[in-house]
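See structure below.
Protein chains get the first letters and strands the later ones, always in sequence-line order, with residue 1 at the start of each. Values below: all heavy atoms of this structure, side chains included; hydrogens, waters and symmetry mates excluded.
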There are 2 protein chains.
Amino acid sequence: MPVFRDNGKNALKKLRKDLRSGFYSFLVLSILEREGDLHGYAIRKGLEILSEGKLVPSEGTLYDLLKSLRKYGLVEDFQTEVGGRFRRYYRITDSGRKVLAELKNEVQWLMETLGKVL
Amino acid sequence: MPVFRDNGKNALKKLRKDLRSGFYSFLVLSILEREGDLHGYAIRKGLEILSEGKLVPSEGTLYDLLKSLRKYGLVEDFQTEVGGRFRRYYRITDSGRKVLAELKNEVQWLMETLGKVL
DNA sequence: TCCTATACATCGGACTTCGATGTATGTTCG
DNA sequence: CGAACATACATCGAAGTCCGATGTATAGGA
């Protein structure tokens with residue numbers, strides 16, 4: 001039993017994580033729509049600025065996430081050489097834009113509903 | 001490959017789910033704080049009313065969730081007999097109240113940050 | 001020279017969510 | 001009367017997510 005007499009510290013950390021991680025896909029799509037094509041590292045940097053360092057997936061998570069978004073056809077990726085070095089850029093697709101628009105409504109609704117709970 | 005030429009429908013469903021499920025623990029704690037002791041089924045009913053049927057975990061999820069909250073000491077459960085029938089009630093603990101208070105701040109902050117993104 | 005930042009990617013482990021399945025009793029309605 | 005639905009509990013397997021560790025490589029600054 002690793003978690004015993006937790007006094008809420010681990011629990012809080014975990015629940016905070018749960019709250020935040022649900023928005024990762026939404027945020028990645030948002031930043032790609034807003035800033036244009038970016039590579040993985042730049043996406044993370046962008047999210048750091050956007051959220052004051054708080055809504056940023058780990059690197060492992062981000063690459064899994066991008067893979068998943070690609071699988072669903074919401075982003076596409078292409079490789080380029082920048083200064084002789086390989087870079088993989090991501091671009092939001094038309095399908096991605098549509099999904100993002102719906103997600104914005106969802107987030108809006110969520111905010112209203114949570115406002116009632118608070 | 002089950003997901004191919006998705007055109008965004010499955011993706012949207014999945015991303016919506018991700019957005020919502022992060023709030024389940026928060027909502028369960030909220031409803032227990034607000035309504036007092038409840039059993040599993042009543043928690044689900046309560047969330048249905050609170051969220052117009054939209055922020056409601058499946059039964060399987062709810063029982064897993066309650067188990068997890070219990071493990072962290074955020075809720076405690078006790079068995080009662082109501083009309084000759086077994087019922088398991090859940091109650092938020094002091095630790096749970098403290099964590100919930102912090103989560104409320106978190107949600108508040110999240111709403112503000114997302115407001116900027118929208 | 002060493003550390004940090006940039007940049008990519010994979011892997012295992014822990015955990016979550018869902019839907020299916022199973023067990024019961026109570027109520028309602030045709 | 002009998003079927004269907006609501007109430008109520010719980011478990012299981014499958015799929016997926018997130019993290020942190022690990023690994024590779026270059027550039028630039030202290």
Pairs satisfying ring pair (Phe, Tyr, Trp, His ring centres under 6.0 Å), at least one member in residues 35-58 of chain A, at least two apart: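 Found A:His39-A:Tyr89.
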
Can you check whether [X] reaches [Y] side chain to side chain, under 4.5 Å on heavy atoms?
X: A:Leu114; Y: B:Val107; value: yes
X: B:Asp18; Y: B:Lys13; value: no
X: A:Leu100; Y: A:Leu74; value: no

Pairwise side-chain hydrogen bond (donor to acceptor under 3.5 Å, both in side chains) hits with a residue in residues 108-118 of chain B, at least two apart: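 Pairs touching residues 108-118 of chain B that pass the test: A:Glu52-B:Lys116.
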
Pairs touching residues 84-96 of chain B that satisfy salt bridge (charged side-chain N to carboxylate O under 4.0 Å, His left out), sequence neighbours left out: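 Every salt bridge (charged side-chain N to carboxylate O under 4.0 Å, His left out) pair that includes a residue of residues 84-96 of chain B, provided the two are not neighbours, is B:Asp37-B:Arg91, B:Asp77-B:Arg88.
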
Counting side-chain heavy atoms from CB outward, which of [options] is closest to [X]?
X: B:Pro57; options: C:dC8, C:dC18, D:dC9; answer: C:dC18
X: B:Asp64; options: C:dA9, C:dC18, D:dC18; answer: C:dC18
X: B:Lys71; options: C:dC18, C:dC15, C:dA7; answer: C:dC15

Measure from [atom1] on [X] to [atom2] on [N] and round the result to the nearest Å.
X: B:Arg16; N: D:dT17; atom1: CZ; atom2: P; answer: 17 Å
X: A:Asn10; N: C:dA14; atom1: CG; atom2: P; answer: 15 Å
X: B:Glu81; N: C:dT25; atom1: CD; atom2: P; answer: 14 Å
X: B:Leu65; N: C:dT17; atom1: CG; atom2: P; answer: 6 Å
X: B:Tyr24; N: C:dT17; atom1: OH; atom2: C1'; answer: 8 Å
X: A:Arg44; N: C:dA5; atom1: CZ; atom2: P; answer: 12 Å
X: B:Leu66; N: D:dC9; atom1: CG; atom2: C1'; answer: 12 Å
X: B:Leu15; N: D:dG16; atom1: CG; atom2: P; answer: 13 Å

Would you say [X] places a side-chain N or O within less than 4.0 Å of OP1 or OP2 belonging to [N]?
X: B:Tyr41; N: D:dA6; value: no
X: A:Tyr63; N: C:dC8; value: yes
X: B:Ser68; N: C:dT16; value: yes
X: B:Lys17; N: C:dC18; value: no
X: A:Lys14; N: C:dT16; value: yes

Using a heavy-atom cut-off of under 4.0 Å over every strand shown, decide if [X] touches base, sugar-phosphate, or nothing.
X: B:Lys67; result: sugar-phosphate
X: B:Thr61; result: base
X: A:Ser58; result: base
X: A:Phe23; result: nothing

A:Arg97 and A:Glu102: CA distance, side-chain angles, deciding distance, salt bridge (charged side-chain N to carboxylate O under 4.0 Å, His left out) verdict: CA-CA 9 Å; A:Arg97 278 175 212 279; A:Glu102 301 272 359; over 6 Å; no

Show the distances under 3.5 angstrom between N or O atoms of the protein and N or O atoms of nucleotides 21-29 of chain D.
none

Side chain B:Ser68, main chain B:Asp64, donor-acceptor under 3.5 Å: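 No, because the side chain of B:Ser68 does not come within donor-acceptor range (under 3.5 Å) of the backbone of B:Asp64.
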
B:Thr93 side chain vs B:Glu76 backbone, donor-acceptor pair below 3.5 Å: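 No: the side chain of B:Thr93 does not pair with the backbone of B:Glu76.
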
Axial bend angle, the helix from C:dT1-D:dA30 to C:dG30-D:dC1: five-pair end segments, nearest 10°: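 Roughly 20° between the end axes, to the nearest 10°.
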
Path from A:Val99 to B:Leu118 over hydrophobic side-chain contacts below 4.5 Å: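 As far as the 4.5 Å side-chain criterion goes, B:Leu118 and A:Val99 are connected within one cluster.
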
Contacts of A:Ser58 that satisfy side chain to side chain contact (heavy atoms under 4.5 Å, CB included) - sequence neighbours left out: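 Per chain and number, A:Ser58 pairs via side chain to side chain contact (heavy atoms under 4.5 Å, CB included) with A:Thr61.
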
Residue whose closest nucleotide on DNA chain C lies nearer the 5' end, A:Arg88 versus A:Lys45: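 Residue closer to the 5' terminus by nearest nucleotide: A:Lys45.
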
